[in-house]
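Inspection log for the structure reproduced underneath, given as structure tokens.
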Amino acid sequence: MTEHTFSILKPDATRRNLTGAVNAVIEAAGLRIVAQKRIHMTTAQAGKFYEVHSERPFFGELVEFMTSGPVVVQVLEGENAVARYREVMGATNPANADEGTIRKLFAESVGENTVHGSDSQDNAALEIAQFFSGLEIVG
Ligand code: ATP
Ligand code: MG
């Protein structure tokens, strides 16, 4: 089934000029980038985005990292895009990520792990709506 998922290229990716390199892996995996923009998240935006983690010990560090530099927010389209992108990203901790995944190739640590991808279709819809209007998604 053709789906949309929400992706973020995190500040460690933009800092190292890896936007194109990460996008090449996404596209080679058969996912289509149907919306994309570079933004600098505010603390309020990052806090809202990661609200589910607000009680976790790393929450403050996570919000600080996500606001430490520009990010690229994206909508990806493809067959089973949510699950497919989670596969392409690899495990949260790059030490556990499979060969060829974005996090294995590029991530520096469990905190600075290069990409975000939605973990369900419901969350994908909510996350896309936080950053894009329907008019900005062009499939
Ligand atoms: P994401 O939601 O960013 O796609 P994920 O679903 O693989 O990643 P989550 O458990 O949702 O992982 O964690 C969200 C983010 O919080 C991680 O991507 C990482 O940046 C950060 N994080 C998770 N665990 C830790 C940790 N133990 N220490 C520091 N940061 C962490
Ligand atoms: Mg997550």
Side-chain angles (χ1 to χ4, degrees):
M1 193 181 59
T2 300
E3 272 175 11
H4 283 168
T5 193
F6 180 70
S7 162
I8 306 178
L9 312 192
K10 295 184 179 184
D12 66 289
T14 60
R15 178 168 36 82
R16 291 177 292 154
N17 213 21
L18 292 173
T19 298
V22 175
N23 279 351
V25 178
I26 290 170
E27 293 185 334
L31 292 163
R32 189 170 286 273
I33 301 163
V34 294
Q36 172 170 263
K37 60 190 170 190
R38 183 170 165 113
I39 63 171
H40 196 135
M41 278 198 200
T42 64
T43 299
Q45 275 177 314
K48 180 180 173 198
F49 184 75
Y50 278 122
E51 203 166 22
V52 293
H53 297 306
S54 60
E55 302 303 318
R56 307 280 284 277
F58 57 79
F59 179 71
E61 194 185 311
L62 178 57
V63 170
E64 202 171 301
F65 168 57
M66 291 301 289
T67 58
S68 68
V71 300
V72 177
V73 291
Q74 305 174 315
V75 180
L76 307 182
E77 182 179 272
E79 282 289 303
N80 301 311
V82 170
R84 178 78 185 116
Y85 190 43
R86 299 284 297 187
E87 278 174 18
V88 174
M89 287 173 15
T92 307
N93 186 341
N96 303 328
D98 289 340
E99 289 299 326
T101 62
I102 292 169
R103 284 166 168 166
K104 180 71 174 187
L105 287 166
F106 303 117
E108 300 185 301
S109 66
V110 67
E112 309 211 352
N113 61 4
T114 312
V115 279
H116 161 80
S118 307
D119 58 14
S120 68
Q121 286 189 60
D122 285 350
N123 282 337
L126 291 170
E127 292 171 3
I128 289 167
Q130 189 184 339
F131 292 97
F132 290 99
S133 77
L135 287 174
E136 292 176 303
I137 301 166
V138 183

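Please read these numbers as outputs of a predicted model, since none were measured by experiment. Counting begins at 1 with the first residue of the sequence. Read the numbers this way: they start at 1 and go in the same order the structure lists the ligands and their atoms.
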Which residue and non-hydrogen atom of the protein lie closest to atom 19 (C) of ligand 1, and at what distance in Å? Val110 O, 3.2 Å
Honestly curious: do Phe58 and Tyr50 fall in one hydrophobic cluster under the side-chain, below-4.5 Å linking rule? yes
Using a strict cut-off of 4.0 Å, indicate which atoms of ligand 1 neighbour a heavy atom of Lys10. 3 (O), 17 (C), 18 (O), 20 (O)
Co-membership, hydrophobic cluster, residues Val82 and Leu126, 4.5 Å side-chain: no
Is the positively charged end of Lys37 above the ring of Phe132, judged by distance under 6.0 angstrom from the centroid and angle within 45° of the axis? yes
Counting non-hydrogen protein atoms only, what is the nearest one to atom 6 (O) of ligand 1? Give residue, atom name and distance. Arg86 NH1, 2.9 Å
Please determine whether any non-hydrogen atom of Tyr50 lies less than 4.0 Å from an atom of ligand 1. yes
How far apart are the closest heavy atoms of Pro11 and Phe65, and which atoms are they? CG-O, 3.2 Å
Return the orientation label for the Phe6 and His116 ring planes: parallel under 30°, perpendicular over 60°, tilted otherwise. tilted
Going by distance only, is there an N or O of Gly117 that falls short of 3.5 Å from an N or O of ligand 1? yes
Please round to the nearest 0.5 Å and tell me the distance separating atom CD1 of Ile102 and atom CG of Asn113. 11.0 Å
Which atoms of ligand 1 sit under 4.0 Å from any heavy atom of His53? 9 (P), 10 (O), 11 (O), 13 (O), 14 (C)
Minimum-distance protein heavy atom relative to atom 7 (O) of ligand 1: Thr92 OG1, 2.5 Å
Check whether Arg84 reaches the backbone of Gly30 with its side chain - one donor and one acceptor, N or O, closer than 3.5 Å. no
Heavy-atom side-chain contact between Ile39 and Val71 under 4.5 Å: yes
Within 4.0 Å of some non-hydrogen atom of Asn113, the atoms of ligand 1 are 17 (C), 18 (O), 19 (C), 20 (O)
Would you check whether Asp119 reaches within less than 4.0 Å of ligand 1, judged by its heavy atoms? no
Does the residue Glu112 have a heavy-atom contact with ligand 1, meaning some pair of atoms that are separated by less than 4.0 Å? no
Are the side chain of Glu77 and the backbone of Arg32 linked by a donor-acceptor contact shorter than 3.5 Å? no
Using the rule given for side-chain contact (heavy atoms from CB on, under 4.5 Å), can you reason through Met66 versus Phe49, listing the C-alpha separation, both sets of side-chain angles and the distance that settles it, and then say yes or no? CA-CA 10 Å; Met66 291 301 289; Phe49 184 75; 5.6 Å; no
How far is atom 26 (C) of ligand 1 from its nearest protein heavy atom, and which residue and atom is that? Phe58 CD2, 3.6 Å
Suppose we measure from atom 4 (O) of ligand 1 to each protein heavy atom; which comes out shortest, and what is that distance? His116 ND1, 2.8 Å
Can you report which non-hydrogen protein atom sits closest to atom 20 (O) of ligand 1, along with the distance? Gly111 O, 3.0 Å
Determine, using heavy atoms of Arg103 and all atoms of ligand 1, whether some pair is separated by less than 4.0 Å. yes
Report, in ascending order of atom number, the atoms of ligand 1 lying under 4.0 Å from any heavy atom of Leu62. 16 (O), 20 (O), 21 (C)
